[in-house]
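This is a predicted model, so every value here is computed, not measured. Positions are given from 1, in the same order as the sequence printed here.
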Amino acid sequence: SGSGVRELWRNRDFAILWSGEAMSELGSVMTMLVLPLIGYAITGSTAQAGLATTGVLLGGVVAGLPAGVLVDRWARHRVLLGASLAGAILYGSLAAAALANHLTLAHLVVAGFLGGAAESFFAPATSAAIRKIVPREQLPVAFSQLQARHHAAQLAGSPLGGALYAVSRGLPFLVDAVSYSVVALAVTRIRTPLPAPERDAEARGFLAEVREGLGFVWREPVIRAIMLWGGAINFSVGLVLVTVTLRLVRVGVHPIAIGAVDAIAVAAALVGAMVAPWILSRVRTGAMTIATGLLLAVVVVPIAWTNNVVVIGVLLAVGFFLLPANNSGISAYFVFVVPDRLQGRVNSASGFIANGVVPVAPVLAGVLIAVAGGRTATLIGAGFVALSLLPLVLSPAVRGLG
């Protein structure tokens with residue numbers, strides 16, 4: 001509701017955290033847009049163009065589970081500060097190399113991998129911090145505002161990234177480095193204590209704590225089904241989006257126009273985020289999750305037959321509209337049911353399952369385009385999107401989730 005949103009925004013620490021990370025998301029969106037463009041410019045190969053994006057995603061997957069354990073051991077404000085400073089250094093190095101015309105594919109992939117690893121600390125640390133900063137009854141609204149921030153950054157970041165790339169390859173990386181510095185400054189202004197959570201008296205080894213987080217996810221039927229769907233849908237949509245980007249690059253579409261595809265789709269997601277509190281109060285989360293998956297499966301198929309950026313953007317807009325409400329409901333549910341001492345590990349374990357195969361998507365997209373062509377590659381992605389629905393429709397726990 002509107003009153004709930006207004007009350008939330010009176011929370012100073014939430015406003016500071018939201019604003020700082022908004023800048024970081026803006027920079028990250030620009031970086032993810034230009035990575036395959038720069039990869040293609042360096043190599044001239046669609047198969048290699050996705051390697052840098054894969055590096056970022058793989059870094060997040062490899063570091064995800066250890067990050068969850070460390071977030072549950074360390075003070076959360078230190079985690080957020082350290083991760084943001086690491087991002088500033090890594091993307092600053094890419095900006096310097098690109099502006100000096102010395103950027104190589106190896107540098108791009110390595111920095112992307114390490115940047116993805118640093119980014120893997122943000123989600124569990126932010127989720128745990130929100131639990132401390134925001135009253136329990138305001139958590140669904142808080143997560144809807146995080147979704148709004150995410151999509152607002154995507155809306156502005158994609159065309160801005162394309163425009164900056166058209167001026168100079170290094171500019172999007174420079175802005176991303178500055179954005180991470182803004183997050184670091186914002187974290188130092190938060191007054192709410194964000195200490196390390198209390199741990200059990202019984203000492204556990206590192207691997208035992210990783211298994212504890214994975215075990216919690218797997219024992220909870222709702223979380224397990226949603227994360228299996230998340231892994232399948234994230235891989236499938238990632239495959240479709242990179243395929244579309246590389247298709248448009250090959251036919252000579254301007255980078256600003258490619259960014260406009262994302263902008264059109266994200267505008268719908270931003271509207272969806274704005275009405276998410278209203279949707280969450282009226283639609284069961286389980287039903288909404290299934291509806292979100294169905295909608296995405298339907299809209300991807302016709303994308304295979306067009307290179308028109310407006311048509312592609314509109315189709316993606318329809319598919320993305322329910323995602324913010326869906327993600328907000330799921331995130332709030334997770335925070336409700338997961339104990340504080342497990343927040344980092346369960347968040348990272350969920351992310352590991354949801355994103356474990358995503359790094360394969362950019363490379364597979366490039367290979368499929370090279371071997372079978374853009375249309376067939378897109379249709380294969382559509383088939384994966386449809387198959388991703390199986391964990392949801394086969395789970396009574398998800399279908400009954402209120």
Side-chain angles (χ1 to χ4, degrees), residues 22-57 87-113 115-116 119 150-182 238 241-267 307 309-310 312-313 316 361-363 365-366 369 374:
M23 281 291 297
S24 176
E25 287 208 57
L26 179 68
S28 297
V29 168
M30 289 191 296
T31 291
M32 292 302 286
L33 173 76
V34 303
L35 280 176
L37 304 181
I38 294 178
Y40 184 77
I42 292 174
T43 66
S45 165
T46 58
Q48 295 183 61
L51 287 176
T53 305
T54 294
V56 176
L57 299 174
I89 293 170
L90 289 166
Y91 291 109
S93 76
L94 288 178
L99 292 172
N101 292 318
H102 293 306
L103 184 59
T104 64
L105 184 63
H107 186 181
L108 204 64
V109 173
V110 171
F113 178 87
E119 187 71 23
H150 173 70
H151 293 298
Q154 286 185 313
L155 180 62
S158 294
L160 181 58
L164 292 177
Y165 175 81
V167 175
S168 172
R169 294 179 187 174
L171 282 181
F173 295 137
L174 180 60
V175 174
D176 199 7
V178 171
S179 73
Y180 277 109
S181 302
V182 172
L241 293 179
V242 176
T243 298
V244 169
T245 298
L246 293 177
R247 276 173 48 195
L248 297 178
V249 168
R250 287 216 308 180
V251 298
V253 177
H254 195 277
I256 295 178
I258 296 175
V261 173
D262 287 344
I264 295 170
V266 171
N307 287 324
V309 295
V310 175
I312 294 173
L316 291 176
V363 174
I369 290 176

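For Ser28 (side chain) and Glu25 (main-chain N/O), no donor-acceptor pair under 3.5 Å exists by modelled atom type.
Annotation: side-chain contact (heavy atoms from CB on, under 4.5 Å) contacts of Ala88 (sequence neighbours excluded): Tyr180, Ser181. Judged as a side-chain contact (heavy atoms from CB on, under 4.5 Å), and not counting sequence neighbours, the contacts of Val110 are Leu114.
Residues Phe173 and Leu99 form no side-chain contact, since every pair of their non-hydrogen atoms from C-beta on lies 4.5 Å or further apart. Contact annotation: the side chain of Pro36 approaches that of Thr53 to within less than 4.5 Å [non-hydrogen atoms, C-beta and beyond]. Proximity of Met30 to Leu33: side-chain heavy atoms (C-beta onward) are nowhere separated by under 4.5 Å. Put simply, the side chain of Leu160 reaches to within 4.5 Å of the side chain of Leu164, judged on heavy atoms. When side chains are defined from C-beta on, Leu94 counts as touching His107, because their heavy atoms get closer than 4.5 Å. Contact check for Val253 versus Asn307: no side-chain heavy atoms found under the 4.5 Å cut-off. With contacts defined as side-chain heavy-atom distances shorter than 4.5 Å, the pair Arg247/Thr243 qualifies. The closest side-chain heavy-atom distance from Leu171 to Val175 is not below 4.5 Å.
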Please report the C-alpha distance between Leu241 and Leu316 in whole Å, then the side-chain angles of each, then the deciding distance to 0.1 Å, and finally whether the side chain to side chain contact (heavy atoms under 4.5 Å, CB included) criterion is met.
CA-CA 10 Å; Leu241 293 179; Leu316 291 176; 3.9 Å; yes
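For the pair Leu90 and Gly115, the tightest heavy-atom approach, listed with the atom from each and the gap, is CD1-N, 3.4 Å. Counting all heavy atoms, side chain and backbone alike, Gly374 lies closest to Ile369 at CA-CG1, 4.2 Å. Gly170 approaches Ala98 most closely through the heavy-atom pair CA-CB, 3.4 Å. Minimum heavy-atom separation, Pro172 to Thr31: O-OG1, 4.3 Å. In plain terms, the two heavy atoms of Ala177 and Gly92 that are nearest each other are CB-N, 3.6 Å.
The CD1 atom of Ile42 sits 6.0 Å away from atom CG of Leu105, with the distance rounded to the nearest 0.5 Å. Distance check, rounded to the nearest 0.5 Å: CD1 of Ile264 to CD1 of Ile312 gives 9.5 Å. Atom-to-atom distance recorded for Met32:CE and Asp176:CG is 10.5 Å, nearest 0.5 angstrom. Once rounded to the nearest 0.5 Å, the distance linking CG of Leu108 with CD of Gln48 reads 12.0 Å. Taken from CG in Leu37 to CZ in Arg169, the straight-line distance is 10.0 Å, to the nearest 0.5 Å.
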